[in-house]
There are 2 protein chains.
Amino acid sequence: MSSSILTNSYGTLIDRTLRLIKLRYLQTFRAAGIDITPEQWVLLDKLNQTNGVSQNELANVTFKNAPTVSRIIDLLCKKGWTKRSRSPQDRRSYSVSLTKEGGKIVEILLPKVAHLRQLGWKNMSEEDHLIFIKIMNQIYENYEEEIIE
Amino acid sequence: MSSSILTNSYGTLIDRTLRLIKLRYLQTFRAAGIDITPEQWVLLDKLNQTNGVSQNELANVTFKNAPTVSRIIDLLCKKGWTKRSRSPQDRRSYSVSLTKEGGKIVEILLPKVAHLRQLGWKNMSEEDHLIFIKIMNQIYENYEEEIIE
DNA sequence: TAGAAATAGTTGCTATGACAAATATAAATA
DNA sequence: TATTTATATTTGTCATAGCAACTATTTCTA
């Protein structure tokens, strides 16, 4: 293995790019006059795809942990964009769903988010995109299976 | 441009991989018996490379913002690994440097971090690594120049 | 079936990061 | 030189994330 992998801190690069992506999302949402963060958007978007799931399921599909989802849903409920209802099958869990207001927010923001995704891949090919996803997932798998000494 | 770019949320993938990387760093540091976070490590490592720089310079090279660097240096000073001294040339800024203790910490952790970097690139080539860095920086540039509508 | 173990969710604590406002000092300018 | 402007740093507030401890409920098991 070459030395550049050992000496270059790619974590810092990933970190800075991810923070810029999130910032651009936030600015775009603000410019649209909607007070929502990128993380809140992730949950709202997921609920739009699969309405009525539990917080636990939301946590799994968005790779977030339970306390984080709990707090973000709190905020979304306060804004009137989601609502919780106790699941009759399992009274420990909630069924979380979009309100009509929440649905409108998604409708407004979806095209803007699509535009943002396009911007990120400017000057790159579809192949670049596929390689990038593959490598990102490979790094994840490499660390996932690793047992710490 | 193909539609998969529009429908896949690569931000979520980057987010989950970055969080796993940080978790593995944290676990490795804990396993070594050293109470330090990945972000604190980034600053300590940078100080080891360029000792005596200002917080502002630290912020620039690590892509962090000033308040974050200020608070992390606070923590590192409390742990006795760094110290601040007022710069005689510019009395607004500090010269931040590693203490002897801080140097020892870096010495212990450097090989472990090199090992972690290798782990992340398991099953991948040096070329994969270069492509990845190139794409990550291209995404950054794409968003950097973008003016929000 | 009663008690133990597991699961869904919440809350408290700490760290990081973004933004805004504040202080102290330096640099530029009229 | 006096005043304005810019810069380095700090502090406050909020959002996200991880961990641990807690409650309520469900599932497993002796």
Side-chain angles (χ1 to χ4, degrees), chain A residues 11-12 14-30 35-44 52-60 62-79 82 84-96, chain B residues 11-12 14-27 29-30 35-44 52-79 82 84-96:
Chain A
T12 301
I14 301 175
D15 194 58
R16 129 182 133 138
T17 297
L18 183 61
R19 277 188 286 117
L20 183 58
I21 292 174
K22 287 183 180 177
L23 181 63
R24 291 307 190 224
Y25 270 68
L26 195 59
Q27 290 173 333
T28 300
F29 296 158
R30 269 200 212 119
D35 178 32
I36 186 172
T37 66
E39 309 301 343
Q40 290 165 20
W41 164 254
V42 167
L43 291 196
L44 214 60
V53 295
S54 70
Q55 294 187 185
N56 194 34
E57 289 168 306
L58 271 180
N60 287 335
T62 59
F63 314 126
K64 297 184 182 302
N65 58 25
T68 299
V69 169
S70 175
R71 284 164 176 137
I72 294 179
I73 294 297
D74 271 355
L75 292 173
L76 292 176
C77 285
K78 269 180 206 155
K79 290 175 183 179
T82 61
R84 291 176 168 111
S85 46
R86 279 288 179 194
S87 166
Q89 294 87 1
D90 186 340
R91 292 179 38 71
R92 291 170 303 180
S93 74
Y94 292 111
S95 165
V96 184
Chain B
T12 300
I14 299 175
D15 195 60
R16 124 179 138 141
T17 297
L18 183 61
R19 278 190 285 117
L20 183 58
I21 292 173
K22 288 183 179 177
L23 181 64
R24 291 308 190 224
Y25 270 67
L26 195 60
Q27 291 172 332
F29 297 157
R30 271 200 209 118
D35 179 31
I36 187 173
T37 66
E39 309 301 344
Q40 290 165 18
W41 163 254
V42 167
L43 291 197
L44 215 60
V53 296
S54 70
Q55 294 187 183
N56 192 36
E57 289 168 308
L58 272 179
N60 287 334
V61 295
T62 59
F63 314 126
K64 297 185 181 303
N65 57 27
T68 299
V69 168
S70 175
R71 283 165 176 135
I72 294 179
I73 295 296
D74 271 356
L75 292 173
L76 292 176
C77 286
K78 269 182 205 154
K79 291 175 183 179
T82 61
R84 291 178 169 111
S85 46
R86 278 290 178 193
S87 166
Q89 294 88 1
D90 186 339
R91 292 179 40 72
R92 291 169 303 181
S93 74
Y94 292 112
S95 164
V96 185

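Below, chain A is the first sequence line, B the second, and so on; all start at residue 1.
- When rounded to the nearest whole Å, the span between CZ of A/R24 and P of C/dG17 equals 18 Å.
- With hydrogens and angles left out, the side-chain atoms of A/R24 and A/Q27 include a donor and acceptor closer than 3.5 Å.
- Between B/N65 and the phosphate of C/dG17, there is no side-chain N or O to OP1/OP2 separation shorter than 4.0 Å.
- Nucleic acid contact for B/L26: none, since no nucleic acid atom lies under 4.0 Å from a heavy atom of the residue.
- Residue contacts for B/D15: at a heavy-atom cut-off of 4.0 Å it reaches the sugar-phosphate backbone alone, with no base atom in range.
- Put simply, the side chain of B/S95 gets close to the backbone of B/G52: a donor and an acceptor are under 3.5 Å apart.
- Taken from CZ in B/F29 to CH2 in B/W41, the straight-line distance is 6.0 Å, to the nearest 0.5 Å.
- At the heavy-atom level, B/K22 lies nowhere under 4.0 Å from the strands shown.
- Under 3.5 Å, the side chains of B/D90 and B/S87 contain no donor-acceptor pair of N or O atoms.
- The pair B/R19-B/D15 meets the salt-bridge criterion, since a charged nitrogen lies less than 4.0 angstrom from a carboxylate oxygen.
- Within a 6.0 Å sphere centred on CG of B/D35, other residues, nucleotides and ligands contribute 12 heavy atoms or fewer.
- Nucleotides of DNA chain D with any atom under 4.0 Å from a heavy atom of chain B span, from 5' to 3', D/dA6 to D/dC19.
- The nearest whole Å value for the distance from the NZ atom in B/K64 to the P atom in C/dA18 is 8 Å.
- Taking CG of B/L44 as the reference point, atom CD1 of B/I72 lies at 11.0 Å (rounded to 0.5 Å).
- The distance from the OG atom of B/S54 to the CZ atom of B/R92 is 10.5 Å, given to the nearest 0.5 Å.
- A straight line from CD1 of A/I21 to P of C/dG17 spans 16 Å, rounded to a whole angstrom.
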Protein proximity profile, nucleotides 8-15 of chain C - base contact B, sugar-phosphate-only contact S, no contact -, cut-off 4.0 Å on heavy atoms: SSBBBB-S

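- Between the CZ atom of B/R91 and the P atom of C/dT25 there is a distance of 6 Å, rounded to whole Å.
- In this structure, the side chain of A/S70 does not engage the main chain of A/A66 through any donor-acceptor pair within 3.5 Å.
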